[in-house]
Amino acid sequence: MAIRYFNTLTREKDEFKPISGMHVGLYTCGPTVYDYAHIGNWRTYLFEDILRRHLEYRGFVVKHVMNITDVDDKTIRGTKAKGITLDEYTEPFIKAFFEDRDALDVEAASEYPRATRHVSEMVAIIKVLIDKGIAYKTEDGSIYYDITKFPGYGKLSHFRIEELKAGARVKSDEYEKAQVSDFALWKAWDEVDGNVFWETELGKGRPGWHIECSAMSAEYLGQPFDLHTGGVDNIFPHHENEIAQSEGAMGRKFVNYWMHSEHLRVDGRKMSKSLGNFYTLRDVEAKGYDPMVFRYLVMGAHYRSKLNFTWQAMETAKTTIANLYEFMGRLDRENSTGLDDAVQRATVAFGEALDDDLNTPMALAAVFGLVKEVNIHGKGGREVFDAMVSFDRVLGLRLAERAKSVSVEVPEEIEKLLSEREQARKSRDFAAADRLRDDIIAAGYVIEDTPQGPRVKPA
RNA sequence: GGCGACGUACCCAAGUGGUAAGGGAGAGGUCUGCAAAACCUUUAUGCGGCGGUUCGAACCCGCCCGUCGCCUCCA
């Protein structure tokens with residue numbers, strides 16, 4: 001059973017084969033911690049989580065590295081505005097990032113290297129690039145990468161250098177670059193940088209954005225490594241530049257498979273900080289949604305499709321996932337068996353859907369197919385429950401945990417009202433029974449009259 | 001201007017040459033004292049439009065319309 005992933009480098013679904021057996025090196029571009037991550041960012045991190053969980057589901061051992069960009073123009077600006085240190089400024093956003101990650105049940109990466117802690121590794125690469133004549137220093141002390149010295153430039157984004165020059169919006173009067181499309185490896189210190197700088201062999205300054213990923217990926221995963229991911233807007237220039245830096249310096253391939261997730265949109269447009277049309281996970285939670293609802297919403301669309309975020313879609317996802325939890329709760333209370341075939345079919349369909357470039361919508365269809373079979377036949381408790389839990393190793397929807405929570409204990413007084421109602425029903429005093437039912441509903445609970453007797457749960 | 005993507009039912013969304021997955025909503029039904037919940041059934045001769053290729057097209061090709069992304073920090 002081959003796993004195929006769409007590789008941005010080849011623009012094909014390539015069969016995935018790691019460099020060393022069952023071990024996979026995965027590098028995912030992480031947050032720039034100048035603010036809270038928005039749910040568009042989280043769509044990408046969720047895609048990466050599904051990718052990683054799928055690999056693990058298929059038996060691979062994944063070393064996952066996610067960088068934290070804790071120095072850039074925006075963090076420096078924030079630091080100056082508040083008159084604090086860079087670390088003091090970024091810390092709360094790093095903390096918030098991890099909180100959101102846990103709320104969404106995104107698996108923790110093996111490493112979260114921070115740019116500010118790896119400046120010396122970046123300097124080392126820049127020195128190699130200078131020695132090789134690929135990078136050059138300008139009068140103000142900044143260092144740029146000369147893209148004409150790297151023949152493969154543009155192989156990821158499929159842009160050609162000549163086309164870039166024609167770009168109407170590139171500011172040609174900025175700095176002293178030899179060419180407008182050359183990019184900064186090292187930015188010489190300027191007054192606006194305040195207390196943010198490193199004294200290095202390259203001079204006083206700070207690293208450019210792209211170099212951190214080249215340095216930290218090599219540090220933790222070596223070169224080449226298997227998989228590198230990010231949002232589509234990272235393809236150019238960020239990832240293109242990483243390739244130029246790493247392959248230019250080391251003289252060998254950087255990454256075998258590149259995967260990129262599409263944008264989350266709002267009102268038909270890309271959700272972004274600069275457009276101001278974004279929501280954070282905190283906004284979603286403030287509206288009363290379980291973060292799992294957003295997680296489900298994201299999996300409802302393929303990662304390479306644009307997904308429009310609406311509150312109506314959230315409502316739909318909320319209903320769907322609530323139904324799934326209810327289903328799990330029912331399974332958990334039953335012990336019948338006899339659906340081996342259906343479980344087997346669903347397991348195969350589920351795996352094949354994911355093996356085909358992480359087709360989560362199709363994988364979910366397999367899950368619902370099993371749900372339907374169970375409902376029709378009215379059997380298949382434990383074995384189906386276990387199958388669902390194994391699917392959840394990839395889905396990460398907390399199915400087992402929520403199955404318990406839907407059968408949560410209700411307060412004694414509610415139980416009392418319920419048994420009183422049952423008494424009234426038995427003596428056919430329906431007026432009294434309905435009054436008691438209204439009382440229970442008013443207390444925030446709902447009654448389900450099943451053939452096995454009534455159940456009460458929080459509304 | 002260059003490069004690229006998308007347009008599938010009321011909504012969301014798979015499917016990329018063999019006769020339209022799945023979820024939500026709606027409708028009908030089973031169960032129920034009545035409800036609710038749950039469950040079952042059902043809902044696109046059609047996939048932006050017009051041509052073309054093919055035995056056969058949502059899927060391939062061309063043109064057109066519409067929307068969006070990258071080329072600038074961006075997931």
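Keep in mind it's a predicted model, so treat the numbers as computed, not measured.
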For [X] and [N], give me the distance from atom [atom1] to atom [atom2], rounded to whole Å.
X       : N       : atom1 : atom2 : result
E422(A) : rU32(B) : CD    : C1'   : 12 Å
L364(A) : rG24(B) : CG    : C1'   : 14 Å
R265(A) : rG69(B) : CZ    : P     : 7 Å
L264(A) : rG69(B) : CG    : P     : 13 Å
Y296(A) : rG22(B) : OH    : P     : 12 Å
Y153(A) : rC71(B) : OH    : P     : 11 Å
H263(A) : rC70(B) : NE2   : C1'   : 8 Å
R43(A)  : rG69(B) : CZ    : P     : 14 Å

**Study point:** Position toward the 5' end of RNA chain B (nearest nucleotide), G40(A) or D434(A)
**Key:** D434(A)
Practice item. Nearest-nucleotide wise, let me know which of L307(A) and F430(A) is further upstream toward the 5' end of RNA chain B. Key: L307(A)
Quick check: does any side chain N or O of [X] sit under 3.5 Å from a backbone N or O of [Y], one acting as donor and the other as acceptor?
X       : Y       : answer
D392(A) : R398(A) : yes
D193(A) : D190(A) : yes
H263(A) : R265(A) : no
R53(A)  : R393(A) : yes

Listed nucleotide nearest any side-chain atom of [X], set [options]:
X       : options                   : result
N359(A) : rG22(B), rA14(B), rA25(B) : rA14(B)
D233(A) : rA14(B), rC70(B), rG22(B) : rC70(B)
R421(A) : rC40(B), rG33(B), rA13(B) : rG33(B)
R269(A) : rU41(B), rG69(B), rA14(B) : rG69(B)
N375(A) : rA13(B), rC70(B), rC39(B) : rC39(B)
E448(A) : rA37(B), rA13(B), rC40(B) : rA37(B)
M362(A) : rA36(B), rG15(B), rC11(B) : rG15(B)
H302(A) : rG2(B), rG24(B), rA14(B)  : rA14(B)
P237(A) : rA14(B), rG33(B), rC71(B) : rC71(B)
I376(A) : rA13(B), rU41(B), rG24(B) : rU41(B)

For [N] and [X] - does any side-chain N or O of the residue sit under 4.0 Å from the phosphate oxygens OP1/OP2?
X       : N       : result
N323(A) : rG23(B) : no
K270(A) : rC70(B) : yes
R330(A) : rA38(B) : no
S305(A) : rA14(B) : yes
R425(A) : rC34(B) : no
N308(A) : rC12(B) : no
K318(A) : rA25(B) : no

Pair assignment for [N], Watson-Crick or G-U wobble, requiring both distances under 3.5 Å:
N       : result
rA21(B) : none
rC60(B) : rG52(B)
rG28(B) : rC40(B)
rG33(B) : none
rC3(B)  : rG69(B)
rC47(B) : none

For [X], which contact category applies under a 4.0 Å heavy-atom criterion: base, sugar-phosphate, or nothing?
X       : answer
A313(A) : nothing
S261(A) : nothing
H260(A) : nothing

Please give the distance between the [atom1] atoms of [N] and [M] as a whole number of Å.
N       : M       : atom1 : answer
rG52(B) : rU42(B) : P     : 37 Å
rG23(B) : rA13(B) : P     : 16 Å
rA9(B)  : rA25(B) : C1'   : 12 Å
rA58(B) : rU16(B) : C1'   : 8 Å
rG26(B) : rG49(B) : C1'   : 29 Å
rU72(B) : rG46(B) : C1'   : 43 Å
rA44(B) : rC39(B) : C1'   : 26 Å
rA36(B) : rC60(B) : P     : 47 Å

Exercise for review: Compute the centroid of each ring, for F97(A) and then for Y36(A), and state whether the two points are separated by less than 6.0 Å.
Suggested key: no
Exercise for review: Examine Y220(A) together with H118(A) and report whether their ring centres are nearer than 6.0 Å.
Suggested key: yes
Practice item. Could you please spell out the steps behind the side chain to side chain donor-acceptor pair (under 3.5 Å) verdict for E48(A) and Y27(A)? Key: CA-CA 10 Å; E48(A) 289 156 351; Y27(A) 187 92; over 6 Å; no
**Study point:** Approximate separation, where rounding is to 0.5 Å, of L227(A) CG and H64(A) NE2
**Key:** 10.0 Å
Do [X] and [N] have a side chain to base donor-acceptor pair shorter than 3.5 Å?
X       : N       : value
R437(A) : rA35(B) : yes
D429(A) : rG33(B) : no
K74(A)  : rC73(B) : yes

Point to revise | Aromatic plane relationship, F368(A) with Y296(A) - under 30° parallel, 30 to 60° tilted, over 60° perpendicular | key: perpendicular
Review point. Mind checking whether W258(A) and H239(A) have parallel, tilted or perpendicular rings, split at 30° and 60°?
Key: tilted
